[in-house]
Amino acid sequence: MNANHYLYAAYIATWAIHGTYLYILARKAARVRKDIERLKRSG
Amino acid sequence: MKRGFTLLAIATALLLSFALYAALVIAPTEQTMGNVQRIFYYHVPSAWVAFELFLINFVASVFYLIRRSTKADILALVSAEVGVVFCTVVLITGPIWARPVWGIWWTWDLRLTLTLVLWLIYVSYLVLRRFSTSSQTPLLAAVLAVFGALDVPLVYFSIWFFRTQHPAPVIGGGGSLDPRMGWVLLYNWIAFMCLAWLVCWTRYRLEVAQRAVHESEAMQSLMEGAR
Amino acid sequence: MSETQSTPVVAADGLIKQFGRFAALRGVTGEFAAGKLYVILGDNGAGKTTLLRTIAGLAHATRGKISVLGSTDIGASRAQIGYMAHPSLLYDEMSGMENLRYFSELYGIPPADVDKRCREAIHAVKLDPDLDRPVGQYSQGMRQRMSLARALLNDPKLLLLDEPFSNVDARSAAEMAVLVAQARDRGKTVFVVTHQPAQLEAYADEFIWMELGRIVDRTATLQGSRA
Amino acid sequence: MSFFAITRATLTKDIRLEWRSKDAINAMLFFSLLVVVIFSFAFDPTAEESRRIAGGLVWVAFLFAAIVALNQTWARELRNQVLDAYRVSPAPATPLFIAKAVGNFMFVAVLEALMTPLFVAFYKLRALGPAWQLLPIAVLGTWALVVNGTFFAAMSLRTRAREIMLPLLLFPLSIPALLGMVNATTAVLTGESSPTFWIALLVAYDVVFTTACLLMFDAVLEAE
């Protein structure tokens, strides 16, 4: 594990963390959109 | 509104890629630590953005306690959540940096430890919001946020003095700060702030939609009730 | 009647109480005059208890306004409210007198009168003040009556009773009904939430029918309702 | 209906109930004994070493005992919804908080009074520094845990997993106080440094959070 590996690991980790959070948000947004559709239909 | 959002998204993407390029190529290699020092351009700006978000959370919480405005409550929730994400980045990149340079995964460095404690406080803030069964969850969260903010100076001084008694390597201080490095640091900071702004905006709109859905579902049976 | 007929003791306007996706109250409006015995009926989940707790100031409406004893600031009218619920709201390990002595402090009854007031309250519910047994060892009927004594301790203008008759033997229930009617005859306004309206059929002034968080009907007699 | 009268009445009521059914205090005393014994098995340092780590061990043991005691703060008020009887009365919320916090402080102090001699015996402790300073440190440190603990015990009443929520809310905020207690105690035990900074930190912590608790307890109590 020479120094560069640590560097890339840190950068990749940063985007992995942000990516995971954005993925969670996307899934939550999809669920909300589905609820809105359901409410519109039966509202 | 929609146009503003996409503009910001594009700007953020450009800024982030340029900042990445700057961090990896433009910035000079630091003599003592070599390339691994470039983690500095992600580690330190992320910490600054995290602290800014927690500051926004504190201000929004105080504003909620005074004015009880739902907007302030949603802003407090959003800034806490995104703040924790940036904090996690700091807590992961810190040890990855410390390992090759000092051979240790963790050091009670002042800023790193402060970030850890803030991370613990704001995770407990998010857990309280999730587990609360009270109809006044925003109020409880705002109170906890104020307690958290009151804690920060005490945490700072306790760790500062603790470090003077147990000296430990400093993350982020270390190498000489060449002016070009300063610029690259600034690019990254701005890029990360744009990212934070973008994510907060999305999360804010999502929360507003979520609450609207909850409300209409709750009132849905109002329609049934009023037949 | 000390209370003039015109000013309502309780005035609710569009009360909504929301817990996330569920709404316990979905728009309750109504005025309730002084010196009357109101019986609130409805299935489970109709919002009866939530409405009673909102009047008592124990729950706060998410939206809408409520004025109790002429003021919307709940703190002002607490000295004139008596509240009783299915749980006894008494300390099991203390005797009736000890419980009432403690609550006298909370209602600011001057120390000189405490003993007299407590004995009167216990006599009023046909119990023996010198009974030295802890409340935990009382029968359910006795415990409900001691709880009523606590609710009457500060001679309140407004009496709020939540399920006073539930799992109480018939004789105690009948006696409780008489005590409640007597309180109304002394000029108090009484709200009773119950699943056994028959007990109060002879005494009640008005029946309030609730369904899905709304008042759907108000009738003078138990039969005169669509439900 | 004076402020002090209600505080006194609530505190004496709690003490009388605690005294009458001594099961809670006995269970807690036995629990504290267990914690000390287990700690003594887990760590078996030489006399010199023990002085250096005893501060941390003692305070973590005290924290264990305090958390279990703090989780019981509102147990009696919840049993028959007696808390509603208090909230419906015109009595202000702050006397209730002070009475509960002081009650908890006395309760935890009793536990600590039992655990301390056991620690001294098991770890053969002898303070090289001024031993009398350990008393103010203990008082300030215990109050720091108890005042916030009582406050967050009330807050966690409004959540689902009540027993786990209290430590989750309390521990992150107590980190400066814990650092203060542990380092002050170690400074006195080893006599190598002076605990004054840490004692000042504990005083600041207690003042800040006692004020915050007094100001915001009403809002938390009313958050149905």
Side-chain angles (χ1 to χ4, degrees), chain A, chain B residues 16 19-20 23-24 29-30 33-43 45-46 78 81-82 84-101 188 192 195-196 198-200 202-220 222-224:
Chain A
M1 278 292 266
N2 70 38
N4 280 348
H5 288 175
Y6 284 101
L7 173 62
Y8 301 138
Y11 278 37
I12 291 162
T14 305
W15 293 115
I17 292 164
H18 283 295
T20 317
Y21 180 60
L22 291 175
Y23 171 70
I24 292 169
L25 283 194
R27 219 155 38 92
K28 202 173 158 94
R31 210 168 339 110
V32 169
R33 215 168 288 117
K34 193 161 55 64
D35 286 348
I36 290 175
E37 274 359 315
R38 187 168 46 75
L39 281 170
K40 272 211 180 66
R41 265 199 317 282
S42 65
Chain B
L16 280 171
L20 179 64
L24 290 179
T29 313
E30 208 273 333
M33 287 191 261
N35 261 335
V36 83
Q37 184 267 347
R38 293 175 189 279
I39 299 179
F40 168 77
Y41 300 114
Y42 265 32
H43 177 77
S46 296
V78 164
E81 211 171 86
V82 180
V84 163
V85 172
F86 275 91
C87 230
T88 312
V89 167
V90 177
L91 294 175
I92 302 291
T93 51
I96 295 178
W97 186 358
R99 182 73 180 125
V101 176
N188 277 281
F192 278 127
L195 175 65
L198 195 71
V199 176
C200 284
T202 330
R203 183 66 183 83
Y204 188 95
R205 289 224 322 271
L206 178 60
E207 186 63 20
V208 167
Q210 173 105 45
R211 293 192 181 190
V213 162
H214 282 180
E215 207 166 305
S216 62
E217 261 173 17
M219 288 307 149
Q220 171 96 34
L222 181 64
M223 261 73 85
E224 286 149 25

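Chain naming here is simple, since letters A, B, ... match the order of the sequence lines and numbering starts at 1 in each. Reckoned from all heavy atoms, side chains included, excluding hydrogens, waters and symmetry mates.
- Per-residue heavy-atom pair counts under 4.5 Å with chain A were compared for B:V101, B:I39, B:T93, B:T202, and the maximum is reached by B:I39.
- Atom-to-atom distance recorded for B:M33:CE and A:Y6:OH is 15.0 Å, nearest 0.5 angstrom.
- Highest contact tally toward chain A, considering only B:T88, B:V89, B:V82, is held by B:V89 [criterion: heavy-atom pairs under 4.5 Å].
- Proximity to chain A is absent for every atom of B:L91, based on heavy atoms less than 4.5 angstrom apart.
- Salt bridge B:R211/B:E207: present, at least one basic N to carboxylate O contact under 4.0 Å.
- Atom CG of residue B:N188 and atom CG of residue B:L195 lie 11.5 Å apart, to the nearest 0.5 angstrom.
- In this structure, the side chain of A:Y11 engages the main chain of B:R38 through a donor-acceptor pair within 3.5 Å.
- With a 4.5 Å cut-off on non-hydrogen atoms, A:A29 touches chain B through its backbone and its side chain both.
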